[in-house]
Amino acid sequence: MQSFVIGSAASVNVPDQPTTGEYSNAGLSFCAPIEIDFPKGWREQRSPTCASHRVNVEVYPSKELAVGAAGRDLFEHLLRNPEGATGTATGNTYLPIYAETVRLFKEHRANGAVVNLARHQFFGLDEYFIKNGDNGHAIDPAHPESFRGFMHKHLGQPLSLPVNPNSLTRWGNFWMPAPNAGQEVGEACLVYERARSQARVQRQYVGIGKNGHIAFLEPREGPNAEMLFWTRTRLVNLSPSTRLANFGRVDSEIDSAISVGLQTILDSGHVVLVALGDSKAEAIAAALEGPIGPHCPASYLRLLPTGRVTFIVDQAAASKLSVTK
Ligand code: GLP
């Protein structure tokens with residue numbers, strides 16, 4: 001693996017191994033200037049040294065190599081923590097990643113290794129919701145867009161993890177922020193938050209939307225935008241751009257979701273963000289090199305202490321970073 005510090009090299013060669021770098025907010029002259037637009041109260045709440053936190057960035061020359069690295073990352077995390085807890089993401093990015101993790105498990109088991117994940121807990125980031133006046137409901141796991149269905153199909157079932165279809169909030173090993181029939185949304189969110197904090201999620205995987213969202217924390221503008229930073233699991237509206245990206249139309253029947261908040265994600269032991277393809281290049285550049293703020297929710301990950309956040313990206317997704325130009 002080739003290592004470099006962003007900006008210290010005149011050019012970056014991308015060999016067949018990943019290129020790794022560190023983004024820093026420290027006063028290093030070669031760093032892209034990063035304006036930190038701290039949310040109100042941040043300096044009082046957290047260490048003022050957060051301005052020197054670094055993000056590990058792994059740039060892979062191809063989508064396949066980035067997927068391989070992310071799939072192995074999850075596999076090794078599960079091996080290290082069979083009774084631990086993982087935050088899982090959904091989306092097309094994670095389809096090949098989970099397939100790779102499952103392949104590694106099958107190979108491992110075929111070699112005689114015993115891995116018991118029956119006590120491992122998985123926490124999904126979000127689930128779609130359809131509003132109906134003051135009411136509404138989370139979509140059914142059988143719905144083709146269901147994230148519960150997605151997790152079951154692509155990770156739970158292939159790894160032979162148990163499922164309890166009677167509870168939407170806790171679906172076997174998978175916790176989802178989704179109310180059961182007759183349950184208030186707020187109650188389901190609290191149950192989810194409590195379970196997550198008791199389980200202590202060690203590794204949270206996230207994708208990124210083209211507009212810089214993570215989970216369904218959509219970009220915000222305006223006077224109260226920075227309150228995004230303090231959020232926890234709750235019901236959110238989907239932005240027109242996300243509805244277009246995810247359903248092909250802005251007036252989709254699914255208009256909202258229950259999503260973890262930013263604080264929920266930042267409470268995780270380590271956050272791994274994976275992005276593939278040039279459609280994510282703007283979002284990755286904004287997240288790593290733009291100001292930190294609610295216009296790009298993924299940028300807040302830079303506030304995690306050094307060693308607690310990793311970006312795994314392919315060359316296409318990294319193509320708008322100053323270091324790769
Ligand atoms: C949805 C999910 C996000 C995911 C994003 C990107 O909006 N809520 O968690 O990161 O999609 O999805 P994809 O990987 O399909 O681009």
Side-chain angles (χ1 to χ4, degrees), residues 63-64 66-67 69-71 74 86-101 122-130 138-139 143-151 153-155 174-178 189 192 196 201 203-220 228 231 233-250 252 254-262 264-266 268 271-284 286-288 296-301 309-314 316-318:
K63 174 185 165 187
E64 290 69 28
V67 162
L74 173 57
T86 304
T88 50
T90 48
N92 291 329
T93 306
Y94 277 85
L95 280 173
I97 294 172
Y98 292 147
E100 174 63 3
T101 301
F122 297 86
F123 290 83
L125 283 171
D126 40 25
E127 181 56 293
Y128 287 122
F129 193 87
I130 299 175
I139 64 171
H143 191 293
E145 301 291 350
S146 165
F147 289 155
R148 279 163 294 174
F150 179 102
M151 291 314 308
K153 183 170 171 196
H154 298 294
L155 206 59
F174 288 87
W175 292 87
M176 296 299 288
C189 294
Y192 174 90
R196 249 190 99 114
V201 168
R203 217 162 174 84
Q204 172 67 63
Y205 293 86
V206 298
I208 187 168
K210 289 178 196 164
N211 62 4
H213 77 235
I214 46 176
F216 275 127
L217 299 165
E218 298 280 26
R220 286 195 199 173
L228 179 70
T231 51
T233 306
R234 75 227 182 281
L235 188 61
V236 296
N237 293 325
L238 298 181
S239 71
S241 73
T242 295
R243 289 168 79 171
L244 186 64
N246 293 12
F247 310 120
R249 44 193 289 195
V250 293
S252 52
I254 298 174
D255 53 5
S256 45
I258 300 174
S259 172
V260 295
L262 202 63
T264 323
I265 292 176
L266 296 180
S268 315
V271 179
V272 177
L273 183 149
V274 186
L276 307 171
D278 52 15
S279 69
K280 301 291 173 71
E282 294 273 2
I284 287 298
L288 286 170
C296 179
S299 66
Y300 283 117
L301 297 178
V309 58
T310 302
F311 277 48
I312 297 178
V313 295
D314 64 3

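Worth knowing before you read on, the calculation uses all heavy atoms, side chains too, and leaves out hydrogens, waters and symmetry mates. Just so you know, ligand 1 is whichever comes first in the structure, and atom 1 is the first atom listed for that ligand.
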Are there any protein N or O atoms under 3.5 Å from the N or O atoms of ligand 1? List them with distances, or say none.
unit_1	atom_1	unit_2	atom_2	d
ligand 1	7 (O)	His213	NE2	2.8
ligand 1	7 (O)	Asn246	ND2	3.3
ligand 1	8 (N)	Asp126	OD2	2.9
ligand 1	8 (N)	Ala215	O	3.0
ligand 1	10 (O)	Ile208	N	3.3
ligand 1	14 (O)	Asn92	N	3.3
ligand 1	14 (O)	Thr93	N	3.0
ligand 1	14 (O)	Thr93	OG1	2.5
ligand 1	15 (O)	Asn92	N	2.7
ligand 1	16 (O)	Lys280	NZ	2.7

For Lys210, enumerate each residue passing the side chain to side chain contact (heavy atoms under 4.5 Å, CB included) test, keeping only those at least two apart in sequence or located in another chain. Ser279, Lys280
Partner residues of Glu218 under the salt bridge (charged side-chain N to carboxylate O under 4.0 Å, His left out) criterion, sequence neighbours left out: none
So Phe147 and Tyr128, would you call those rings parallel, tilted or perpendicular, with 30° and 60° as cut-offs? tilted
Taking distance alone, no hydrogens or angles, what donor-acceptor pairs closer than 3.5 Å link side-chain atoms of residues 89-97 to residues at least two apart or in another chain?
unit_1	atom_1	unit_2	atom_2	d
Tyr94	OH	Val206	N	3.3
Tyr94	OH	Val206	O	2.8

Identify the heavy atoms of Ile258 and Phe129 that sit nearest to each other, and give their distance. CD1-CD1, 3.8 Å
Evaluate the ring planes of His213 and Phe216, with Trp represented by its six-membered ring, and classify them as parallel (under 30°), tilted (30 to 60°) or perpendicular (over 60°). tilted
